Amino acid sequence: QVQLVESGGGSVQAGGSLRLSCAVSGSSYCMGWFRQAPGKEREGVALIDGYGSESAEPVKGRFTISRDNAKNTLYLQMNNLKPEDTAMYYCAAASSTSCRWQRFSVKGYEYWGQGTQVTVSS
C-alpha cells in the first residue's frame, strides 16, 4: 500500500516558479505527476522510475521531476509557469517496476494523492 500527500501548490504570476512535493509512504518505482483543469481530462505531466524520467510535451523544458529516496519525497519543479498550467496537480504511483508500459496513462497508476491547486495568473 502506498500513500501520497502533495504540497506546495499556490498562486503565482505568469513566468513564476513553484515546487510541488509529494510525501510517499511505502515504496514505488514508477511515479508521476498529473494535472486536471476544470472541465478537462486528467493528463500526465512527468514521470520517473529507476531508468530515468520523462516530461510531457506541453511542459518540456519548463518542468522537472525528481525524487529524494532518502526523504521519501517526489518533486515537481515548475518554471516559467503559464496561465494554461492552472490545474489541480496530483502525485501518482504504480506498483510496476518501471513506467514503460503505462507512461502517462491515468489507468496505469493505482495510488493517488488528494491533489494540490496551482493557479497561474496573467
Side-chain angles (χ1 to χ4, degrees):
Q1 189 75 8
V2 178
Q3 293 183 325
L4 308 169
V5 179
E6 303 96 332
S7 61
S11 297
V12 65
Q13 289 191 330
S17 298
L18 283 173
R19 188 176 79 159
L20 305 184
S21 298
C22 174
V24 183
S25 174
S27 62
S28 178
Y29 294 100
C30 170
M31 298 197 68
W33 286 98
F34 290 75
R35 67 185 181 186
Q36 187 167 19
K40 294 188 177 182
E41 292 187 353
R42 191 169 297 189
E43 63 175 0
V45 174
L47 58 85
I48 189 168
D49 60 17
Y51 301 94
S53 62
E54 181 179 355
S55 298
E57 282 299 328
V59 306
K60 272 186 179 178
R62 300 189 297 122
F63 291 12
T64 302
I65 188 172
S66 62
R67 67 199 305 173
D68 186 332
N69 292 326
K71 295 183 178 180
N72 292 326
T73 303
L74 181 73
Y75 300 102
L76 184 68
Q77 178 66 44
M78 306 185 295
N79 298 327
N80 190 21
L81 282 159
K82 303 177 180 181
E84 52 264 42
D85 294 320
T86 295
M88 185 72 78
Y89 282 72
Y90 298 90
C91 174
S95 57
S96 56
T97 55
S98 81
C99 300
R100 175 182 179 183
W101 301 111
Q102 64 271 68
R103 293 183 68 242
F104 294 119
S105 172
V106 171
K107 294 182 179 179
Y109 295 80
E110 297 97 320
Y111 307 102
W112 294 84
Q114 82 289 350
T116 185
Q117 178 68 36
V118 172
T119 302
V120 184
S121 59
S122 58

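On a predicted model such as this, the values are computed, not experimentally measured, just so you know.
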Tell me the closest heavy-atom pair linking Ala37 and Ala87, and the distance in Å.
N-CB, 3.8 Å
Nearest-0.5 Å distance that lies between atom CH2 in Trp112 and atom CD in Glu110
10.5 Å
Under 3.5 Å: donor-acceptor pair, side chain of Ser28, backbone of Ala94:
yes
At what distance, to the nearest 0.5 angstrom, does CD of Glu41 lie from CZ of Phe34?
12.5 Å
Would you give the length of the straight line joining atom OG of Ser66 to atom CG of Leu74, rounded to the nearest 0.5 angstrom?
7.0 Å
Please work out which of the three classes, parallel, tilted or perpendicular, describes the rings of Tyr89 and Phe63, given edges at 30° and 60°.
tilted
Locate the shortest heavy-atom distance separating Ala93 from Met31; write the atom from each residue and the value.
CB-CE, 4.1 Å
If you count the non-hydrogen atoms of other residues, nucleotides and ligands that lie under 6.0 Å from CD in Glu84, is the total more than 12?
yes
Can you name the closest pair of heavy atoms from Gln102 and Ser96 and give their distance?
NE2-OG, 2.8 Å
Sequence neighbours excluded and cut-off under 3.5 Å, please list the side-chain donor-acceptor pairs for residues 10-23, or say none.
unit_1, atom_1, unit_2, atom_2, d
Ser17, OG, Asn79, OD1, 3.0

Say you draw a straight line from OG of Ser95 to OH of Tyr111; how long is it, rounded to the nearest 0.5 Å?
6.0 Å
As an exercise, state the distance from OH of Tyr75 to SG of Cys91, rounded to the nearest 0.5 Å.
12.0 Å
Determine, step by step, whether Val45 and Met78 satisfy the side chain to side chain contact (heavy atoms under 4.5 Å, CB included) criterion, reporting the C-alpha distance in whole Å, the side-chain angles of both residues, the deciding distance to 0.1 Å, and the verdict.
CA-CA 11 Å; Val45 174; Met78 306 185 295; over 6 Å; no
Residue pairs, two or more places apart or on separate chains, that pass side chain to side chain donor-acceptor pair (under 3.5 Å) and touch residues 42-57:
Arg35-Glu43, Gln36-Arg42, Glu54-Arg103, Glu57-Lys60
Please determine whether residues Ile65 and Tyr109 belong to a single hydrophobic cluster, defined as Ile, Leu, Val, Met, Phe, Trp and Tyr linked transitively by side-chain heavy-atom distances below 4.5 Å.
no
Treating Ile, Leu, Val, Met, Phe, Trp and Tyr as nodes and any side-chain heavy-atom pair under 4.5 angstrom as an edge, say whether Phe104 and Tyr29 lie in one connected cluster.
no
Would a hydrophobic clustering, with Ile, Leu, Val, Met, Phe, Trp and Tyr connected at side-chain separations under 4.5 Å, put Val59 with Val118?
yes
Ignoring hydrogens and geometry, is there a side-chain-to-backbone donor-acceptor pair from Gln114 to Val5 under 3.5 Å?
no
Quick one, Asp85 and Arg62 - any side-chain contact, counting heavy atoms below 4.5 Å?
yes
Please walk me through it: do Leu4 and Tyr90 pass side chain to side chain contact (heavy atoms under 4.5 Å, CB included)?
CA-CA 9 Å; Leu4 308 169; Tyr90 298 90; over 6 Å; no
Test of understanding: with side-chain hydrogen bond (donor to acceptor under 3.5 Å, both in side chains), list the residues that count as partners of Thr73, not counting sequence neighbours.
none
Side-chain (Thr86) to main-chain (Val120) donor-acceptor, under 3.5 angstrom
yes
